[in-house]
Amino acid sequence: MLQVAFIRENKETVLKGLAKRNFKNAEEIVNQTILADEQRRATQTELDAVLAESNKLSKDIGIFFKSGEREKAEILKLKTAQLKDKSKELSEKLQEKATELQNLLYLIPNIPNEIVPAGNSDEDNITVFEAGKIPALYDGALPHWELAKKYDIIDFELGNKITGAGFPVYKGKGARLQRALINYFLDKNTKAGYQEVQVPYMVNEASAYGTGQLPDKEGQMYHDAQDNLYLIPTAEVPVTNIFRDVILKESDFPICKTAYTPCFRREAGSYGAHVRGLNRLHQFDKVEIVRIEHPTKSYEALEKMLEHVKDILNELKLPYRILRLCGGDLGFTSALTYDFEVFSTAQNRWLEISSVSNFETFQANRLKLRFKNANGKTELAHTLNGSSLALPRVLAGLLENYQTSEGIKIPEVLIPYCGFDIIN
RNA sequence: GGAGAAUUGGCAGAGUGGUCGAAUGCGGCAGUCUUGAAAACUGUUGAGGGUCACACCUCCGGGGGUUCGAAUCCCUCAUUCUCCGCCA
């Protein structure tokens, strides 16, 4: 959520940023927001004046009662009755205006960073880096869902029976490979200075609002109505919410956390070939990295995160590229996002395996995640996160790119974690 | 799930209807002293709104109510603790 004061003072910047996202009715919504804010403040001021007077009268009444001047007190009491009506009316209006403002603010996405390219869709994303060799596969190379069946390492049908589509069962070496990847990622992340945390897989409403899943992505999360809890779509939600309503010291920066969690996404509206196999699941595993940074250091931190993810992919020897997302493809809460994509050789397409973003103060404002700056003032911190990494598509990439006529080879760095070097 | 107790500032802990945003202690910060540090002493130290800055307003787990006036009384929800039940 943007800060109202920022919108008020930087209207042109906001409009320019929203235009880059192709955000509809931007000017109208921004104007409404500014108006609602003015009305809210005016109402607040009016209410404060009434309350101030009524507070004063109450104190006087107390004094009169103490000194036994009951009659004087009774006269003042009558006066307060009117003020009470007035203040009730005003506080209702204030509540109304505050809600109106809040709802408008929820509609406005983050302002893209300057270097975010304009554009409407993923076609306008810019490839900023590419590495790794796309292997020449042997004749008869298969897409990963065929490989999964051939070697009996992932059973999609079994998952269908137990739960439904998008909830696969990993078996034998497939299960072990999953566990190996999780451990390998966590080890890499902790070595890079990220503290490992284990967090709840369900979150309450306040947390879902804090990181921006609510109110607009309601339909994408599994929801338990009985206890009003949400299954997490990403570890970002519980991990970042560790810092909800927290005021840090400047010396606390940088804060680096990593967590492995399963992720649950309803993926309403997805269909077709692109959701085959591991490409898109309702439940998948992911290791996430989260950073809380001083505002002046957040872009430096974003670079570090990119280098870190690159390092992992280089070690896995997978062909990948990095995209800078365009305005139209940028997530609601993000100011700048880089997507990592691994090449799926048998499908002949790129698969997103990591998304690394700087949210600047957008999440922090909702979370009330602040720090005391050098002048002793509280200031919003910057939050960042990235996948390091999401399992299924990495697995898809590994299976497809490492397949040989003898079986699927295991990348060298994973062999100690797996305890085997080939799936055959 | 049942019964009882509790929830106050970074922490501990007073405060049971009136000038209480809240005693006191610890911690933090600044200073005095010291070659430096410790100790001791002095001062300072919550958040939000509002203002050029003050004034002023709001916040004592969340929400609602009683009252001229609520941290204090009532209702409700949440959480924590103790006992019982169930249980990996």
Side-chain angles (χ1 to χ4, degrees), chain A residues 1-9 33-105 198-210 214 224-230 238 241-253 255 262 292 361 363-381:
Chain A
M1 188 166 69
L2 296 177
Q3 297 171 90
V4 213
F6 179 83
I7 298 175
R8 203 196 307 153
E9 286 154 27
T33 305
I34 293 171
L35 181 68
D37 176 49
E38 274 169 17
Q39 291 175 338
R40 200 219 89 227
R41 276 151 60 218
T43 311
Q44 174 86 257
T45 307
E46 216 181 322
L47 174 63
D48 285 357
V50 174
L51 288 176
E53 198 181 343
S54 133
N55 286 344
K56 196 175 167 298
L57 288 175
S58 290
K59 277 185 187 172
D60 290 346
I61 289 170
I63 292 166
F64 284 136
F65 269 122
K66 268 196 176 159
S67 62
E69 298 171 86
R70 289 201 90 91
E71 284 185 13
K72 285 188 180 176
E74 291 300 333
I75 292 167
L76 290 188
K77 264 192 175 184
L78 291 175
K79 270 177 112 175
T80 56
Q82 281 178 49
L83 290 175
K84 214 178 175 185
D85 288 345
K86 185 80 185 163
S87 78
K88 188 163 188 180
E89 185 189 311
L90 282 170
S91 57
E92 272 164 19
K93 188 175 167 193
L94 179 65
Q95 190 57 250
E96 213 174 274
K97 287 294 161 194
T99 307
E100 188 185 327
L101 177 62
Q102 186 65 249
N103 289 337
L104 283 162
L105 286 172
Q198 285 197 13
V199 289
Y201 301 156
M202 296 188 97
V203 294
N204 58 27
E205 223 175 27
S207 293
Y209 271 100
L214 291 179
D224 166 30
Q226 199 160 10
D227 292 312
N228 197 21
L229 296 174
Y230 294 87
N241 271 282
I242 292 173
F243 300 96
R244 174 153 48 84
D245 289 318
V246 166
I247 299 179
L248 298 162
K249 289 180 295 213
E250 227 169 13
S251 58
D252 292 333
F253 294 124
I255 290 173
I292 316 289
T361 60
Q363 288 183 331
N365 189 33
R366 281 203 195 175
L367 292 161
K368 297 209 190 71
L369 164 49
R370 295 160 294 177
F371 68 99
K372 277 229 186 303
N373 68 20
N375 302 322
K377 289 247 163 116
T378 49
E379 193 181 328
L380 293 172

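Residue numbering restarts at 1 for every chain, and letters A, B, ... go by the order of the sequence lines.
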Inset, instruction - On RNA chain B, check which nucleotide each of A:E53 and A:K59 is closest to and give me the residue with the more 5' one. - result: A:K59
Inset, instruction - Could you check which of B:rC56, B:rC68, B:rU51 has an atom nearest any side-chain atom of A:F65? - result: B:rC68
Inset, instruction - Between B:rA70 and B:rG17, how far apart are the C1' atoms? Round to whole Å, please. - result: 7 Å
Legend entry - Partners passing side chain to side chain donor-acceptor pair (under 3.5 Å) against A:S207 (at least two apart in sequence or in another chain): A:N204, A:R244
Inset, instruction - Nearest whole angstrom, please: distance from the P of B:rC57 to the NZ of A:K56. - result: 11 Å
Legend entry - Strand partner of B:rG27, provided both Watson-Crick or wobble distances fall under 3.5 Å: B:rU45
Legend entry - Inter-nucleotide P distance (B:rC73, B:rG18), Å rounded: 12 Å
Inset, instruction - Using the C1' atom as the reference point in each nucleotide, state the distance between B:rG65 and B:rU80 in Å, no decimals. - result: 26 Å
Legend entry - Counter-base of B:rA38, judged by Watson-Crick or G-U geometry with both distances under 3.5 Å: none
Legend entry - Rounded distance (Å) that lies between atom C1' of B:rU19 and atom CD1 of A:I61: 14 Å
Legend entry - Any strand: nucleotide that pairs with B:rG4 via Watson-Crick or wobble, under 3.5 Å: B:rC81
Legend entry - Nearest-angstrom distance from the residue atom CG of A:N204 to C1' of B:rG61: 14 Å
Inset, instruction - Please state the C1' separation for the pair B:rG10 and B:rG28 - nearest whole angstrom. - result: 8 Å
Inset, instruction - Measure the distance from CZ on A:R40 to P on B:rG48 and round it to the nearest whole Å. - result: 14 Å
Inset, instruction - Using the C1' atom as the reference point in each nucleotide, state the distance between B:rA23 and B:rU16 in Å, no decimals. - result: 16 Å
Inset, instruction - For B:rA37 and B:rG25, measure between their C1' atoms and round to the nearest Å. - result: 25 Å
Inset, instruction - Can you see which heavy atom on A:L76 is nearest to which on A:F64, and at what distance? - result: CD1-CE1, 3.6 Å
Inset, instruction - Can you measure from CZ (A:R8) to CZ (A:R41) and round to the nearest 0.5 angstrom? - result: 3.5 Å
Inset, instruction - Could you tell me whether the phosphate oxygens of B:rA47, OP1 or OP2, come under 4.0 Å of any side-chain nitrogen or oxygen in A:K372? - result: yes
Inset, instruction - Check whether any side-chain nitrogen or oxygen of A:R370 sits under 4.0 Å from OP1 or OP2 of B:rG48, and answer yes or no. - result: yes
Inset, instruction - Rounded to whole angstrom, note down the P distance from B:rA53 over to B:rC59. - result: 23 Å
Inset, instruction - Ignoring backbone atoms, test whether A:K84 places a side-chain nitrogen or oxygen under 4.0 Å from the OP1 or OP2 oxygen of B:rG69. - result: yes
Inset, instruction - Searching all strands shown, indicate the nucleotide that pairs with B:rC87 (Watson-Crick or G-U wobble; both distances under 3.5 Å). - result: none
Legend entry - Rounded distance in Å - NZ (A:K377) to P (B:rU45): 15 Å
Inset, instruction - Using both distances under 3.5 Å as the test, list the Watson-Crick or G-U wobble partner of B:rC60, or none. - result: none
Legend entry - Spacing between A:E205 atom CD and B:rA78 atom P, to the nearest angstrom: 14 Å
Inset, instruction - Look at all strands and tell whether A:L51 reaches a base, only sugar-phosphate, or nothing, counting heavy atoms closer than 4.0 Å. - result: sugar-phosphate
Inset, instruction - Flag the pair A:E74 / A:E71 as yes when at least one side-chain heavy-atom distance between them is below 4.5 Å, and no otherwise. - result: no
Inset, instruction - May I ask you to say whether A:K88 pairs ionically with A:D85, meaning some side-chain N is under 4.0 Å from a carboxylate O? - result: no
Legend entry - Nearest-Å distance once atom C1' is located in both B:rC33 and B:rC41: 9 Å
Inset, instruction - Check whether any side-chain heavy atom of A:K97 sits under 4.5 Å from a side-chain heavy atom of A:Q44, and report yes or no. - result: no
Inset, instruction - Just call it for A:T378: base, sugar-phosphate, or nothing, with non-hydrogen atoms closer than 4.0 Å on any strand. - result: sugar-phosphate
Legend entry - A:E250 CD - B:rC29 P separation (whole Å): 14 Å
Legend entry - Nearest heavy-atom neighbours spanning A:T43 and A:K93: OG1-CE, 3.9 Å
Inset, instruction - May I ask you to say what A:T80 touches in the nucleic acid, namely base, sugar-phosphate or nothing, with a heavy-atom cut-off under 4.0 Å? - result: sugar-phosphate
Inset, instruction - May I ask you to say what A:I63 touches in the nucleic acid, namely base, sugar-phosphate or nothing, with a heavy-atom cut-off under 4.0 Å? - result: base
Inset, instruction - Map A:I247 and A:K77 onto RNA chain B by nearest heavy atom, then report which one ends up closer to the 5' terminus. - result: A:I247
Inset, instruction - Using atom CG of A:D85 as one end and atom P of B:rC68 as the other, report the distance to the nearest whole Å. - result: 12 Å
Inset, instruction - Give, for atom CD of A:Q95 and atom CG of A:L47, the distance between the pair rounded to the nearest 0.5 Å. - result: 11.0 Å
Legend entry - Closest to the A:S58 side chain, choosing from B:rG18, B:rG49, B:rG50: B:rG18
Legend entry - Side chain A:N55 and base B:rG69 donor-acceptor under 3.5 Å: no
Inset, instruction - Searching all strands shown, indicate the nucleotide that pairs with B:rC73 (Watson-Crick or G-U wobble; both distances under 3.5 Å). - result: B:rG65
